[in-house]
Amino acid sequence: MHSAVVDYEALNVIIRLLEQAPVQMGKESIRWAKLVIPLVAHSAQKVHMRGATALEMGMPLLLQKQQEIASITEQLMTTKLLSELQKLFMSKNETYVLKLWPLFVKLLGKTLHRSGSFINSLLQLEELGFRSGAPVIKKIAFIAWKSLIDNFALNPEILCSAKRLKLLMQPLSSIHVRTEALALTKLEVWWYLLMRLGPHLPANFEQVCVPLIQSTISIDANASPQGSSSRLSTSPGLNSLTPQHKGASPYGSSVTTRMNLSSNFGVMATIPSIQLLGLEMLLHFLLGPEVLSFAKQNKLVLSLEPLEYPLISNSSFFSKYANTLITAVHDSFVAVGKDASDAVVSAIWKELINLVKSVIESGNKKERPGSEVLTLLLKSLETIVKSEVFPVSKTLVLMEITIKGLPQKVLGSPAYQVANMDILNGTPALFLIQLIFNNNLLGYGVQDERFFLNLETLVSCVLSGPTSPLAFSESVLNVIDQNAKQLENKEHLWRMWSIIVIPLTELINQTNEVNQGDALEHNFSAIYGALTLPINHIFSVQKFPMATMKTLLRTWSELYRAFARCAALVATAEENLCCEELSSKIMASLEGEDCLNLLFLDRIIHIITVVVDCIDFSPYNIKIQSRVKSVKRPSDWSKKKKEPLGKLASLFKLIVRVIYSFHTLSLKEAYSDTLLAVGNSITSILSNVLGHISLPSMIRKIFATLTRPVALFYENSKLDEVPKVYSCMNNKLEKLLGEIISCLHSSYTGTYDSELLEQISPLLCIIFLHKNKQIRKQSAQFWNATFAKVTMLIYPEELKPILRQAKQKFLLLLPGLENVEIMEESSGPYSDATENSQLNMKISGMERKSNGKRDSFLAQPKDTKENRKSPVKLKLESSSSKIKSEMPLEEEKSTEFVFIPPEGKEAKERILTEHQKEVLKTKRCDIPAMYNNLDVSQDALYSQCSQEESVEVPRLAEKSKEDSKMILKEEHMKSDIDITQDVTEKCVTDSPSGMQGRCFWSPLASPSSSILKRGLKRPQEDEISSPVHKVRRVSFADPIYQAGLADDIDRRCSLVRAHSSSNSPIVKSVKTSPTAQSKHNTTSSKGFLFPGSRSPKFKSSKKCLITEMTKESIPCPTESIYPALVNCMAPVDIILPQITSNMWARGLGQLIRAKNIRTIGDLSTLTASEIKTLPIRSPKVSNVKKALRVYHEQQVKSRGLEEIPVFEMPEKTINGTENKTLSADEERLASGLVDPVTLETPLSKNLVAQVSALALQLDSEDLHNYSGSQLFEMHEKLGSMANCIIKNLQSRWRSPAHDNSV
């Protein structure tokens, strides 16, 4: 047994020999290795330290005979050495043992490449180091781990094998470190492994690099420093290094090498230095070996050794790991991007963009779609921007790199929508535009020219792409509008607006496209957004460069002119609709103080001038209208009557608002050139409008609207201290007055009446007393040619003194006003002339008017203000005075009417008979022509009536009129009863012998004589009977109450017949369809047997109210699909969703309306073959029937109408031998008016119920759904029913036999 001193000295001798005789020692390495290796585990520190020195010095010599040495080493370690080393580790020699461990790994060499228990035993020493609580011990253990990486790297196949790589990754991915020094050491070892993998790194990227990225860059570690990151996919369970089978052979066993480490994933604590290294690591991954030249160019010092081989060599690799890399870049930018070099950040993002571009352009269908990769990139950019971790300048650089790096066709394509975009026709460009309007970027970014360059590039990408430029522009303008208030400098807002509006205007001029709507409805919202944005946000700004404002107004004008021109081409938009809708939007956006801002007023008046300049005046000019041969779209006269100004109504409201604002500012502010320019523009606008409009109703409405504000121009000019602006406008205002007079005198062709006089009175007050003699003269000429020729006028009080004063200078004829004054001055009795004129004026209480348009003689004259004030009889102007010729109605001037001219004067003289000459002699000229034909008694009555008694005439005439009506009603009722009797007789005589039954009428059938007589005269039609299957009953059901009833009920009678040779009634009727109107049709055996309301050629007189004849039937190709509803007037849109999908319901609606199918009745009339041609859900026929049946049942239930059973028909009569062909007599009778039948339930018992049901329905029915003619017809029928009831009651009162029935 050697002493420690001897061992120590022996080791000293070996060390000296290694130094002095290395060659000989190399030859004898096996001998001295057996001595040195055991001593490294000696218990004496002095000895094992000397032994470790000798082993380290002799390592090169030992490796020369590594195979033999490795065998000896393995044997020594297995028998004794490993246990001794563990003892040393436990006796606080951890550092020594862990530093010695790499020496043994080198000695063992490829011996460790075998699987077995030995390597597990060796790994136990490292495990002790990794489990140590001392960071220094862990650090030495990590450094020692490099030796095992080098060992496995001796054979690349071993290093890259999944089992060995998993072993090498265990301490790196599993051990959690908290100190910066330890984290740096761990990262150093991990990066060392990547370097040793060399060209095999891409193949092992997921196993080695992904965990490295996640553990280094992960920003989740901050939330749970001790736990695993939520981003990371943890490794499989890590089990013990020791052999799985106890007692297994220590040699050659095939046991998997494992380490028993913590299951916590090796996430490093959030340490900025580590995260910065992670950012540099991404730079290496993305640039590869080129990182050296990049670092040299940007004078950067790299902390990590550059990779010798590129990691990402093609787009397929990036596509596979795009999610990992893009997320890593995002996380590192958010975590430490602000501390990183600008060059590094830009280089990483630029390379990332290039890789995304390569994936998009490769278009490999087997890989991740480019759209997904782009979406991930843009979403990451969005988070980076919104996190505001970067300065604005650096964020703008990222935006610029993105915009310039991605293909323009990609930026402008809707195929690359970002996942959460809910905008129609969304594009990456639109997403990026919305991103640069982020609050942080918008506030400071607008100071950087790159902001506007980026916006301009993005807009250009989309407007030159396949997406809708209007939809895109609208979205961008909405974003700008929402953020406008955040921009203090409105010049920036103007630049943004111009960037979108200028190219949009060019595009509109090229394509003529301004409509975002469809074929049914227009949509100009994008253009309205563009036109209103500067009005809402820039016009009210006081400090805005004049030159810039001129440019803005020029851009606005160009857009509106293009818009107005193209809007006129849109078929669904009426003339000047763009003017109306834009003016309405401007009015709605104006705030109280806006128009009192002179600069705003100046800008808005420029807008109005452009709008007026673009008005299409043709609809408002009678001369132009008369020359138009065809009308592009029908005019809606009802709307014109409601709003005479049509599509200029809102514009005139805006003009009035501007004029009043001008007057307010003129009185409040000092004179300025701007104020004068506004005033002159207003007069120009008014001149433009008045010079182009000649439609009478429109001119009246214009003056009713504009007279008051326009009159203020002249009234303010008469103030004691006249504002200078009015004086400067003197010439313009005089010119305007002349144009006003010209418009009223020449352009206006309507009636000059009291209402018009009231409307233009303020202007007349001005022109009659104007200082300009020419204007006064022109006004007198105007008056004498117009109002002077009217028989009766009511003068506004303010105008009377003006006219009296004007009359002193000019000859003015003042109808009514002069006469009143003359009568008031006269104190004597009325002269003959006065009485005669009064008599001429009024006949039987009716006032004769000689003005342009005469009122109806039925209309009662209004009690005017003048009439109430003065009872004096007015002296009329001489009937021989020349009056203004009667002008036609303005509607007659429209091209929608055909004007038939009267015979010319050159027509030859008519030759009268003697009788006509006599009549002409007796004809009175002092009363209307219609009264010349009164009978003798009436004429006598007229001649006897004195002037004072004439008031009584209207009352007598009214009474006579009422008496005549009563007589007509009585005669009508008598006629009805007579015809009913005649028809009844025509029915119990034509009836064949052997027929038993009685004729019955529908309770709602009309007793109208004219209709019934027409029914009797209808020619008899040939019919072919059809077999009736499973006939159950006939009943009156809901459809008889449908809206179409009024047109059909009066021409229909119930037609039911019972056969004489059988107890089984046979029912026969006629049914037509749109496709078989001229053919003989078999009878439908289910539902109502009404003829189709859509069949105009139907001529049969046998129209029935019989329903529910059968339960099941086989539809005939020419039979209507649902007879029970053929008269239903409800819109067909109600049931469209039941026969097609919601998506196609609108399209189906358009299609069937094009086929003139508008109501449920129209649809019900179609045949099965016609139904099959429609694009509806299969099976088509059954689906349509089901939808109609459900609707029918709902209507019956909702109205509470009880069905009335009529008869039952046994099935045997259908399927048995009794179903025979009708005889000739039967055919003749079937073609008659009525077929007799015996009812199971007497009709009279149900009449009260049915009338009650009808009353309830009529009360709740929306009568607006029916036309006026339908309502009149319904009223007539209901009146006839009421007369029948009254007649019956009267007969009871007169007959004692019915007293008990009353």
Side-chain angles (χ1 to χ4, degrees), residues 102 105-106 109-110 113 142-162 164-169 171-173 183-217 273-322 324-325 328-329 332 340-341 343-344 346-352 354-355 358:
V105 171
K106 284 186 178 181
K110 293 185 178 180
H113 295 180
F142 272 117
I143 294 173
W145 197 247
K146 279 186 176 182
S147 62
L148 188 61
I149 295 172
D150 289 333
N151 180 283
F152 288 167
L154 294 173
N155 184 352
E157 292 183 1
I158 293 295
L159 178 65
C160 295
S161 68
R164 302 307 192 288
L165 207 52
K166 184 178 180 180
L167 172 64
L168 293 175
M169 284 295 298
L172 299 175
S173 60
L184 289 171
T185 302
K186 176 182 172 181
L187 181 57
E188 176 190 343
V189 175
W190 209 329
W191 190 255
Y192 186 76
L193 174 59
L194 265 66
M195 295 297 299
R196 296 313 303 265
L197 283 169
H200 304 288
L201 180 61
N204 296 283
F205 180 82
E206 188 166 3
Q207 192 170 359
V208 178
C209 297
V210 172
L212 173 61
I213 291 171
Q214 292 171 333
S215 65
T216 306
I217 298 173
S273 60
I274 299 299
Q275 291 177 319
L276 279 171
L277 281 175
L279 190 61
E280 182 185 328
M281 186 171 63
L282 291 173
L283 184 69
H284 285 275
F285 286 160
L286 294 170
L287 297 182
E290 295 179 7
V291 74
L292 279 173
S293 60
F294 169 78
K296 184 178 180 181
Q297 182 180 355
N298 291 279
K299 299 179 181 180
L300 297 175
V301 178
L302 298 174
S303 301
L304 299 173
E305 185 179 355
L307 299 173
E308 295 180 11
Y309 304 92
L311 173 66
I312 305 171
S313 57
N314 53 58
S315 61
S316 298
F317 180 89
F318 178 74
S319 177
K320 184 177 181 180
Y321 297 108
T324 299
L325 291 169
V329 170
S332 61
S341 162
V344 171
S346 299
I348 290 174
W349 191 253
K350 187 174 182 180
E351 190 59 32
L352 204 59
N354 290 335
L355 290 168
S358 68

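Small disclaimer: the values here were computed from a predicted structure and weren't measured. Residue numbers run from 1 in the order of the sequence given. The basis for the numbers below is simple: all heavy atoms, side chains too, and nothing from hydrogens, waters or symmetry mates.
- By the side chain to side chain contact (heavy atoms under 4.5 Å, CB included) test, A203 pairs with no residue at all, sequence neighbours left out.
- Scanning all heavy atoms of the two residues, the minimum distance from M195 to P306 falls at CE-O, 3.2 Å.
- For the residue pair S341 and L300, the shortest heavy atom distance occurs at OG-CD2, 4.0 Å.
- Taking CD1 of I149 as the start and CG of L172 as the end, the distance is 6.0 Å to the nearest 0.5 Å.
- Distance check, rounded to the nearest 0.5 Å: CZ of F285 to CG of L325 gives 8.0 Å.
- Minimum interatomic distance between G278 and T216 (heavy atoms only, all atoms of both residues): CA-CG2, 3.6 Å.
- Every residue two or more places apart in sequence or in another chain that forms a side chain to side chain contact (heavy atoms under 4.5 Å, CB included) with L201 is listed here: L194, L197, C209, L307, L311.
- L165 and Q207 get closest at one heavy-atom pair: CD2-OE1, 3.8 Å.
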Inset, instruction - Go through the steps to decide whether L282 and L352 satisfy the test side chain to side chain contact (heavy atoms under 4.5 Å, CB included), and finish with yes or no. - result: CA-CA 10 Å; L282 291 173; L352 204 59; over 6 Å; no
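- Among residues at least two apart or in separate chains, side-chain hydrogen bond (donor to acceptor under 3.5 Å, both in side chains) pairs with a member in residues 313-322 are S316-E367.
- The CD1 atom of I217 lies 8.0 Å from the CG atom of L212; values are rounded to the nearest 0.5 Å.
- Under the side chain to side chain contact (heavy atoms under 4.5 Å, CB included) criterion, S303 pairs with L277, E280, sequence neighbours left out.
- Here the CE-OG distance, from M281 to S332, works out to 9.0 Å after rounding to the nearest 0.5 Å.
- Here the CH2 atom belonging to W190 is positioned 13.5 Å from the CG atom belonging to L304, to the nearest 0.5 angstrom.
- A343 approaches F294 most closely through the heavy-atom pair O-CZ, 3.6 Å.
- W145 is listed as a side-chain neighbour of L168, based on a closest heavy-atom distance under 4.5 Å.
- Applying the salt bridge (Lys or Arg N to Asp or Glu O under 4.0 Å) rule to pairs touching residues 283-292 yields nothing, sequence neighbours excluded.
- Separation of atoms NE2 (H284) and CG (L279) is listed at 10.5 Å; rounding is to 0.5 Å.
- Residues F205 and I213 meet the side-chain proximity criterion, which asks for heavy atoms closer than 4.5 Å.
- Listed by first then second residue, pairs satisfying side-chain hydrogen bond (donor to acceptor under 3.5 Å, both in side chains) with a partner in residues 146-155 read H113-N151, K146-E188, D150-Y192, D150-R196, not counting sequence neighbours.
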Inset, instruction - Determine, step by step, whether K110 and I158 satisfy the side chain to side chain contact (heavy atoms under 4.5 Å, CB included) criterion, reporting the C-alpha distance in whole Å, the side-chain angles of both residues, the deciding distance to 0.1 Å, and the verdict. - result: CA-CA 10 Å; K110 293 185 178 180; I158 293 295; over 6 Å; no
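- In this view, P156 and H200 satisfy the side chain to side chain contact (heavy atoms under 4.5 Å, CB included) rule, not counting sequence neighbours.
- Residues passing the ring-ring contact (aromatic ring centres under 6.0 Å, His included) test with F318: none are found, sequence neighbours excluded.
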